[in-house]
*Asks:* 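Mind having a look at this structure? Questions to follow.
Naming: A, B, ... by sequence-line order, numbering from 1 per chain. No experiment lies behind these values; they were computed from the predicted model shown. Side chains included, hydrogens not; waters and symmetry mates left out as well; all remaining heavy atoms used.
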Amino acid sequence: MPEGHTLHRLADELRTAYAGRVVTSSSPQGRFAEAARLDGHVLEDAEAWGKHVFVSFADLPEQVHVHLGLYGTFVVAAGTGLPAVGQVRWRIEAGSTADLRGPNACELLTPEEVEARIDRLGPDPLRADADPERAWRRIHGSSVPIAALLMDQAVLAGVGNVYRAEVLFRNEVAPMTAGRRITRKRWDAMWTDLVELMREGVRTGRIDTVRPEHEPEAMGRPPRADDHGGEVYVYRRERQACLVCETPVRRRVLAGRNLFWCATCQHRG
DNA sequence: ATTCTATGTCGAA
DNA sequence: TCGACCTAGAATA
């Protein structure tokens, strides 16, 4: 379930398990041959930028760049010497075992290539060094719908389809509003909201966006559990009643991705 | 058993 | 805008 919070959690997990330790590095599947070059090195750090994770090693200028894509997983399990089940692209071992499967990217990059990757990304709401002003400049000058801008990693890094839909709903923004029609005040509120929501996502490991007053119990409805492990207003709730106004949630495809929204609640620019 | 779908990104047309 | 990438779980037969 990789949106930005998942990758920041992953970086934290890898850092806790391996930073400062000599690790075993291998590619059971064989498709990351450079894993052997890292074997026996001290893992220095793991850091997330948007949906990208960079793993660095002591005495080695290159870093491993990992991107999970749509269905990649990177799971840490207790113990070592475990059988490699399925297609394990990269395995790190030191007391525990981290297995990477199905990533969009797992590659060794030079410092210049790492920098170029990061330079292409917009501000990440989960990073303390993020500058929301950079995102505002892109949004303010654009005729592209805000729903598409939020998913553009060069505008904002780490926001995916769930946070996109939910932050638009929570701020009552009509998704097809052109970026240049978004007011400064609205953008500031959306950024603040993303920082809070995504930090909560890192803390809990789930995407929960429904305010207490709109929870089913508070609205006199039976509780429900969404299949992504959280509670949301509109994401994947097509044709179901809006939690606030009961209007059926709508869906359309925008730039190849499903967009969900409530046409009644979301009317602002 | 098979098909469908996905919280993502890239490159070709 | 579309297919490819490549995996797992859910839905369908």
*Asks:* For a quick test of reading the model: is some side-chain N or O of Arg120(A) closer than 4.0 Å to OP1 or OP2 of dC10(B)?
*Replies:* yes
*Asks:* Begin with the C-alpha distance, continue with both residues' side-chain angles, and end with the deciding distance and a verdict on side chain to side chain donor-acceptor pair (under 3.5 Å) for Gln29(A) and Arg89(A).
*Replies:* CA-CA 5 Å; Gln29(A) 175 198 49; Arg89(A) 184 79 57 89; 2.7 Å; yes
*Asks:* Nearest whole Å is fine: how far is dT7(C) P from Gln87(A) CD?
*Replies:* 5 Å
*Asks:* Determine the Euclidean distance between corresponding P atoms of dC5(C) and dA13(B); express it in Å to zero decimal places.
*Replies:* 14 Å
*Asks:* Taking 4.0 Å as the cut-off, does a side-chain nitrogen or oxygen of Gln153(A) come that near to OP1 or OP2 on dC10(B)?
*Replies:* no
*Asks:* Which part of the nucleic acid, if any, lies within reach of Arg9(A) when heavy atoms closer than 4.0 Å are counted: base, sugar-phosphate only, or nothing?
*Replies:* nothing
*Asks:* Measuring only the P atom in each nucleotide, how far is dA11(C) from dT7(B)? A whole number of Å is fine.
*Replies:* 15 Å
*Asks:* Quick check on dT9(B): is either OP1 or OP2 less than 4.0 Å from any side-chain nitrogen or oxygen of Lys51(A)?
*Replies:* yes
*Asks:* With a 4.0 Å cutoff (strictly under), does any side-chain N or O of His67(A) reach OP1 or OP2 of dT9(B)?
*Replies:* yes
*Asks:* May I have the distance from Tyr235(A) (atom OH) to dT5(B) (atom P), rounded to whole angstrom?
*Replies:* 13 Å
*Asks:* Nearest whole angstrom, please: distance from the C1' of dT7(B) to the CG of Leu259(A).
*Replies:* 14 Å
*Asks:* Select one nucleotide: of dC10(B), dG8(B), dA8(C), the one nearest the side-chain heavy atoms of Arg101(A).
*Replies:* dA8(C)
*Asks:* Apart from Val55(A) itself, what residues make up its hydrophobic cluster, given side-chain heavy atom links below 4.5 Å?
*Replies:* Leu7(A), Leu10(A), Leu14(A), Tyr18(A), Val23(A), Phe32(A), Leu38(A), Leu43(A), Val53(A), Phe57(A), Leu60(A), Val64(A), Val66(A), Leu68(A), Phe74(A), Val76(A), Trp90(A), Ile92(A), Leu100(A), Leu108(A)
*Asks:* When the C1' atoms of dT9(B) and dG9(C) are considered, how many whole Å apart are they?
*Replies:* 22 Å
*Asks:* Counting side-chain heavy atoms from C-beta on, which of dG8(B), dT7(B), dA8(C) comes nearest to Asn104(A)?
*Replies:* dG8(B)
*Asks:* Can you tell me the distance, in whole Å, between the CD atom of Glu3(A) and the P atom of dT9(B)?
*Replies:* 9 Å
*Asks:* What is the distance, rounded to the nearest whole Å, between atom CG of Leu70(A) and atom P of dC10(B)?
*Replies:* 14 Å
*Asks:* I'd like to know whether NE2 of His267(A) has more than 12 heavy-atom contacts from other residues, nucleotides or ligands below 6.0 angstrom.
*Replies:* yes
*Asks:* Take a 6.0 Å sphere around CG of Asp129(A) and say whether it holds more than 12 heavy atoms from other residues, nucleotides or ligands.
*Replies:* yes
*Asks:* Under 6.0 Å from the six-membered ring centre of Trp136(A) and within 45° of its axis: does the NZ or CZ of Arg184(A) meet both?
*Replies:* yes
*Asks:* To the nearest Å, how far apart are Arg117(A) CZ and dC10(B) P?
*Replies:* 6 Å
*Asks:* For residues 165-179 of chain A, please give each side-chain donor-acceptor pair under 3.5 Å, one per line with the distance, not counting sequence neighbours.
*Replies:*
residue, atom, partner, partner atom, Å
Glu166(A), OE1, Thr209(A), OG1, 2.5
Glu166(A), OE1, Tyr233(A), N, 2.7
Glu166(A), OE2, Tyr233(A), N, 3.4
Glu166(A), OE2, Val234(A), N, 2.9
Glu166(A), OE2, Tyr235(A), N, 2.9
Arg170(A), NE, Asp193(A), OD1, 3.4
Arg170(A), NE, Asp193(A), OD2, 2.9
Arg170(A), NH1, Thr209(A), O, 2.6
Arg170(A), NH2, Asp193(A), OD1, 2.8
Asn171(A), ND2, Val167(A), O, 2.9
Asn171(A), ND2, Asp193(A), OD2, 3.2
Glu172(A), OE1, Arg268(A), NE, 2.5
Glu172(A), OE1, Arg268(A), NH2, 2.8
Thr177(A), OG1, Ala174(A), O, 2.7

*Asks:* Whether Asn161(A) contacts dA6(B) is assessed here as follows: a side-chain N or O lying under 4.0 Å from the phosphate OP1 or OP2. Is that the case?
*Replies:* no
*Asks:* Can you measure His52(A) atom NE2 to dT9(B) atom C1' for me and round it to whole angstrom units?
*Replies:* 8 Å
*Asks:* Which nucleotide wins on minimum distance to the side chain of Val162(A), given the candidates dT7(B), dA8(C), dG8(B)?
*Replies:* dT7(B)
*Asks:* Please give, in whole Å, the distance from dT7(B) P to Arg237(A) CZ?
*Replies:* 17 Å
*Asks:* Tell me whether the side-chain N/O atoms of Arg257(A) come closer than 4.0 Å to OP1 or OP2 in dA6(B).
*Replies:* no
*Asks:* Counting the atoms with a prime plus P, OP1 and OP2 as sugar-phosphate, which does Gln29(A) contact under 4.0 Å by heavy atoms, base, sugar-phosphate, or nothing?
*Replies:* sugar-phosphate
